[in-house]
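Please read all numbers here as calculations on a predicted model, not as lab measurements.
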Amino acid sequence: MDKRVASIAEALAGLGDGMTIMFGGFGGAGVPINLMRALPGIPAKDLTVISNSVRFLEDYAHALFEDKRVKHAVASAARSRGAASGISELQLADGTMTLDISPQGSFAERIRAGGAGIPAFYTPTGVGTPVVEGKEHREFDGRMCVLEHALTADFTLLRADRADRYGNLSFRGTQGNFGRDMAAAAKCTVVEVREIVDGLLPTPEIHVPGVYVKRVIQLPDARDA
């Protein structure tokens, strides 16, 4: 199946009210900036967003927060740059948005579990800290653990380096970060790439097989735009 799409509108078709969206990216690598910037133009509200950093989403799609269309966020970092509070932090303060904060390893494992069909798992990470208050605890071999639930989404948005028409993906360097697991954890994975190659990607260069990808679109790197 040819998974190439020609426009961002086509790439994001079907995204609507009440949906959950995952975003790849860590420290600027693998962030789907073009797709993020297009989200405020989509008339969707009551969204749940899953991203390593809420700040990245706020930077590139701040209107989502200004219009209070994000009702819940799952992240491992939620602090804005500088002393001033970001829009998302103000939403948390006024109660119009809720936040599920996870230690980064637990955050990654929750996504991996979602893609693997594992509903929940126990981990010692975070025990004794405020981030796991209210969660179920259980002792294993004398060590207290907390129950973490898997994360899945309606849409995952990623940035990769190259793709082929069948949706096979190749990341460059650390660009993959959460992308491999997020691709498997969503009903519809949409990927912006630097290049869609002619023919097939060589098998050793495929980091995510096309079976996990619904749409690919060739777009320039927007980090400096």
Side-chain angles (χ1 to χ4, degrees), residues 1-17 19-45 47-53 56-64 69-70 111 114-115 151-225:
M1 178 183 294
D2 192 336
K3 298 179 179 177
R4 295 173 295 180
V5 296
S7 69
I8 290 180
E10 190 177 353
L12 298 177
L15 200 160
D17 293 352
M19 288 190 172
T20 298
I21 314 170
M22 283 185 182
F23 301 90
F26 181 91
V31 179
I33 295 173
N34 294 288
L35 296 173
M36 281 181 170
R37 284 180 171 154
L39 285 175
I42 305 295
K45 60 183 185 299
L47 298 172
T48 292
V49 297
I50 300 173
S51 172
N52 182 56
S53 171
F56 271 109
L57 180 58
E58 184 175 327
D59 284 349
Y60 298 120
H62 58 275
L64 285 183
R69 290 195 274 150
V70 176
I111 296 166
L151 295 171
T152 58
D154 298 293
F155 274 75
T156 278
L157 308 184
L158 302 176
R159 173 84 188 179
D161 187 47
R162 296 189 298 154
D164 60 31
R165 69 175 63 196
Y166 303 107
N168 296 306
L169 304 179
S170 179
F171 296 111
R172 182 179 60 197
T174 59
Q175 192 178 46
N177 51 72
F178 303 103
R180 296 171 177 84
D181 294 327
M182 284 184 170
K187 297 174 185 173
C188 181
T189 294
V190 181
V191 189
E192 58 170 73
V193 298
R194 178 182 60 83
E195 178 186 15
I196 298 177
V197 303
D198 294 327
L200 283 169
L201 281 173
T203 300
E205 297 178 21
I206 295 175
H207 300 125
V208 173
V211 67
Y212 295 118
V213 176
K214 285 289 198 318
R215 302 166 189 166
V216 292
I217 180 169
Q218 184 170 309
L219 293 168
D221 189 337
R223 282 178 292 183
D224 299 324

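Within the 3.5 Å criterion, the main-chain N or O of Gln175 finds a donor-acceptor partner in the side chain of Asn177.
Applying the ring-ring contact (aromatic ring centres under 6.0 Å, His included) test to pairs two or more places apart or on separate chains, those with a residue in residues 178-202 are Phe107-Phe178. Within the structure, side-chain hydrogen bond (donor to acceptor under 3.5 Å, both in side chains) contacts touching residues 206-215 (residues at least two apart or in different chains) do not occur. Screening residues 193-203 for salt bridge (charged side-chain N to carboxylate O under 4.0 Å, His left out) gives Asp161-Arg194 as the qualifying pairs, with residues at least two apart or on separate chains.
For Arg4, the salt bridge (charged side-chain N to carboxylate O under 4.0 Å, His left out) partners two or more places apart in sequence, or in a different chain, are Asp2. In this view, Ala9 and Ser7 satisfy the side-chain contact (heavy atoms from CB on, under 4.5 Å) rule, not counting sequence neighbours. Legend: residues meeting side-chain contact (heavy atoms from CB on, under 4.5 Å) with Thr20, ordered by chain and number and at least two apart, are Thr48, Ile50, Ala153, Asp154. Every residue meeting the side-chain hydrogen bond (donor to acceptor under 3.5 Å, both in side chains) condition with Asp17, not counting sequence neighbours, appears here in chain and number order: Lys45. Qualifying side-chain hydrogen bond (donor to acceptor under 3.5 Å, both in side chains) partners for Asp164, counting only residues two or more places apart in sequence or in other chains: Asn168. When the ring pair (Phe, Tyr, Trp, His ring centres under 6.0 Å) test is applied to Phe171, no partner is found at least two apart in sequence or on another chain. In this structure, Arg172 has no side-chain hydrogen bond (donor to acceptor under 3.5 Å, both in side chains) partners at least two apart in sequence or on a different chain. Shown here are the side-chain hydrogen bond (donor to acceptor under 3.5 Å, both in side chains) partners of Glu205, two or more places apart in sequence or in another chain: Arg162. In this structure Thr189 satisfies the side-chain contact (heavy atoms from CB on, under 4.5 Å) test together with Thr156, Leu158, Ala183, Ala186, Val191, Val213, sequence neighbours excluded.
Nearest heavy-atom pair, Gly16 versus Leu47, reported as atom, atom and distance to 0.1 Å: O-CD2, 3.7 Å. When every heavy atom of Thr174 is checked against every heavy atom of Ala29, the shortest pair comes out as OG1-CB, 3.7 Å. Across every non-hydrogen atom of Asn34 and Ala222, the tightest pair is OD1-CB, 3.5 Å. Of all heavy-atom pairs spanning Gly167 and Val216, the tightest one is CA-CG1, 4.1 Å. Of all non-hydrogen atoms in Pro40 and Met36, the two that sit nearest each other are CD-O, 3.5 Å. Nearest approach of Leu219 to Glu192, heavy atoms of both residues: CD1-CB, 3.9 Å.
Rounded to the nearest 0.5 Å, atoms NZ (Lys187) and OG1 (Thr152) are 7.5 Å apart. Atom CZ of Arg69 sits about 8.5 Å away from atom CD1 of Ile42, to the nearest 0.5 Å. Rounded to the nearest 0.5 angstrom, Ile8 CD1 and Leu39 CG are separated by 9.5 Å. Within the model, atoms CG of Asp181 and CE of Met22 stand 9.0 Å from one another, a figure rounded to the nearest 0.5 Å.
Side-chain contact between Ile206 and Tyr166 is absent, with no heavy-atom pair separated by less than 4.5 Å. Using a 4.5 Å cut-off on side-chain heavy atoms (C-beta onward), Arg159 and Leu35 make no contact. Contact check for Ser53 versus Glu58: no side-chain heavy atoms found under the 4.5 Å cut-off.
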Between Leu12 and Leu157, does a side chain to side chain contact (heavy atoms under 4.5 Å, CB included) hold up when you go through it step by step?
CA-CA 9 Å; Leu12 298 177; Leu157 308 184; 3.8 Å; yes
